Q: 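Can you keep this structure in mind? I'll have questions shortly.
Values below: all heavy atoms of this structure, side chains included; hydrogens, waters and symmetry mates excluded. This one's a predicted model, so the numbers in the text were calculated from it and none came from an experiment.
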Amino acid sequence: MLSWARAWRLPHRGLGSSSPSFSRVPVAPSSSHGGTQARPVPLSYRLLDGEAAHPPLVFLHGLFGCKANFNSVAKALAQQTGRRVLTVDARNHGDSPHSPDMSYEAMSQDLQDLLPQLGLVPCVLIGHSMGGRTAMLLALQRPELVERLIAVDISPVESTSSSNFPRYVAAMRAVDIPEEASLSSARKLADEKLSSVIQSITIRQLLLTNLVEVDRRFMWRLNLDALAQHLDKILNFPPRPSHHPEIRRLFPRAQMQTVPNASHWVHSDRPQDFMAAVRDFLD
């Protein structure tokens with residue numbers, strides 16, 4: 001049953017508000033393949049120190065992102081709130097290990113393994129996009145680990161706004177960088193190739209943060225094979241016994257708030273407004 005104090009969702013292009021309601025929602029058990037519990041991988045993370053008297057803030061990035069996406073926001077909130085702040089690389093992203101399993105059940109299990117190890121429960125989960133859905137599933141499966149939940153620009157229902165993601169994966173897989181290229185020329189070449197498919201400079205810049213040099217070869221640190229194979233799972237929230245109910249059926253005490261003049265990457269577009277909204281929710 002869902003039974004923690006408060007939940008909050010930041011809808012598309014923002015952080016509206018409405019009155020909460022209360023009901024109890026049955027939650028499916030954690031599973032990955034055929035009902036077998038997902039095997040966790042040791043996630044890469046960065047922990048900023050703070051007072052242990054208040055629940056720590058835990059940031060989960062979106063698809064194609066990494067823990068560095070929240071560096072500035074994490075540092076600022078650590079100073080402003082005095083809390084411990086954790087940023088995490090999801091499996092197949094950033095410096096975390098690669099795995100053929102890219103289900104939300106697996107990503108939730110990774111955090112169920114990591115957070116108690118670090119002594120960071122209960123915590124305030126702040127998840128953007130894919131990270132928001134991971135946070136929602138974790139809160140539904142293990143509510144005792146989550147004091148509050150902030151899901152940024154994502155909901156527990158299928159979103160047509162993510163339909164370009166398969167094209168992004170295909171475009172990245174098609175990039176081939178010569179061995180003799182420098183980092184600057186490799187990024188320029190990759191950007192030129194991606195621009196034929198992806199017009200948004202912001203999105204290309206996000207994707208290019210994943211281009212790294214390994215043994216004198218440039219490659220994507222993302223596990224593109226696993227992402228391509230599991231995109232259908234990533235773009236859909238795992239089925240619940242209540243058949244994809246609205247947000248308040250899953251999170252009956254949800255609050256809504258909008259950050260004006262922000263795109264999908266709310267924390268990057270309007271960092272000060274985003275942090276103010278987070279601080280207000282923590283009060």
Q: If I take atom NE2 from residue His98 and atom CG from residue Leu227, how far apart are they, to the nearest 0.5 angstrom?
A: 8.5 Å
Q: Inspect the surroundings of CG in Asp49 and state if more than 12 heavy atoms from other residues, nucleotides or ligands are less than 6.0 Å away.
A: no
Q: If you group Ile, Leu, Val, Met, Phe, Trp and Tyr by side-chain heavy-atom gaps below 4.5 Å, do Leu118 and Leu60 land in one group?
A: yes
Q: Can you tell whether the side chains of Asp95 and Lys67 come within less than 4.0 Å, N to carboxylate O?
A: yes
Q: State the NE2-CH2 distance between His93 and Trp220, to the nearest 0.5 angstrom.
A: 12.5 Å
Q: Within the 4.5 Å heavy-atom criterion, are Asp110 and Val88 side-chain neighbours or not?
A: no
Q: Taking it one step at a time, do Thr81 and His54 satisfy side chain to side chain contact (heavy atoms under 4.5 Å, CB included)?
A: CA-CA 9 Å; Thr81 68; His54 299 288; over 6 Å; no
Q: Check whether Leu189 and Met219 end up in the same hydrophobic cluster, where Ile, Leu, Val, Met, Phe, Trp and Tyr are linked by side-chain heavy atoms less than 4.5 Å apart.
A: no
Q: So does Glu192 get a backbone contact from the side chain of Ser196, meaning a donor-acceptor N/O pair under 3.5 Å?
A: no
Q: Anything under 30° is parallel, anything over 60° is perpendicular, the rest tilted; go ahead and classify Trp265 against His128.
A: tilted
Q: How about Glu179 and Arg217: do any of their side-chain heavy atoms sit closer than 4.5 Å?
A: yes
Q: Has Arg46 got a side-chain atom pairing as donor or acceptor with Ala68's backbone, closer than 3.5 angstrom?
A: no
Q: Are the side chains of Lys233 and Tyr104 in touch, meaning some heavy atoms are under 4.5 Å apart?
A: no
Q: Looking only at heavy atoms, which two atoms of His61 and Asn69 are closest? And how far apart?
A: CB-OD1, 4.0 Å
Q: Check Gln141 against Ser108 and note the closest heavy-atom contact, atom names and distance.
A: OE1-OG, 2.7 Å
Q: Could you go through the side chain to side chain contact (heavy atoms under 4.5 Å, CB included) check for Arg83 and Leu48 one step at a time?
A: CA-CA 8 Å; Arg83 299 185 186 221; Leu48 301 179; over 6 Å; no
Q: Do Asp153 side-chain atoms and Ser129 backbone N/O form a donor-acceptor pair below 3.5 Å?
A: no
Q: Main chain of Ser96, side chain of Arg91: is a donor-acceptor contact present, judged purely on distance under 3.5 Å?
A: no
Q: Hey, what do you get for CG (Leu282) to CG (Leu77), rounding to the nearest 0.5 Å?
A: 8.0 Å
Q: Quick one: pull up CG in Leu125 and CG in Leu120 and give me the separation to the nearest 0.5 Å.
A: 10.5 Å
Q: Out of curiosity, does Val212 fall in the hydrophobic cluster containing Leu224 (side-chain heavy atoms, cut-off under 4.5 Å, transitive links)?
A: no
Q: Atom CD1 in Ile177, atom NZ in Lys188: separation rounded to 0.5 Å?
A: 12.5 Å
Q: Could you please spell out the steps behind the side chain to side chain donor-acceptor pair (under 3.5 Å) verdict for Asp101 and Ser103?
A: CA-CA 6 Å; Asp101 189 352; Ser103 63; 3.0 Å; yes
Q: Check whether any side-chain heavy atom of Phe251 lies under 4.5 Å from a side-chain heavy atom of Leu140, and answer yes or no.
A: yes
Q: Could you measure the distance from the CE atom of Met172 to the CG atom of Leu211? Nearest 0.5 Å is fine.
A: 8.0 Å
Q: What's the verdict on side chain to side chain contact (heavy atoms under 4.5 Å, CB included) for Thr202 and Leu206, showing C-alpha distance, side-chain angles and the deciding distance?
A: CA-CA 6 Å; Thr202 301; Leu206 170 67; 5.9 Å; no
Q: Taking all atoms of both residues into account, what is the closest heavy-atom pair of His267 and Val73, and its distance?
A: O-CG2, 4.1 Å
Q: Any side-chain heavy atom of Leu63 sitting closer than 4.5 Å to one from Leu231?
A: yes
Q: Is there side-chain contact between Leu194 and Leu208, with at least one heavy-atom pair below 4.5 Å?
A: yes
Q: Of all the heavy-atom pairs spanning Cys66 and Arg221, show the shortest one and how long it is.
A: SG-NH2, 3.2 Å
Q: Asp269 vs Phe274, test: side chain to side chain contact (heavy atoms under 4.5 Å, CB included). Steps then yes/no.
A: CA-CA 9 Å; Asp269 293 338; Phe274 173 77; over 6 Å; no
Q: Near Tyr168 OH, under 6.0 Å, is it more than 12 heavy atoms from other residues, nucleotides or ligands?
A: yes
Q: Does a side-chain heavy-atom distance below 4.5 Å link Asn223 with Met102?
A: no
Q: Could you check whether any side-chain heavy atom of Arg173 comes within less than 4.5 Å of a side-chain heavy atom of Asp225, counting everything from C-beta outward?
A: yes
Q: Measure up the Phe64 and Phe165 rings against each other and bin them: parallel (under 30°), tilted (30 to 60°), perpendicular (over 60°).
A: perpendicular
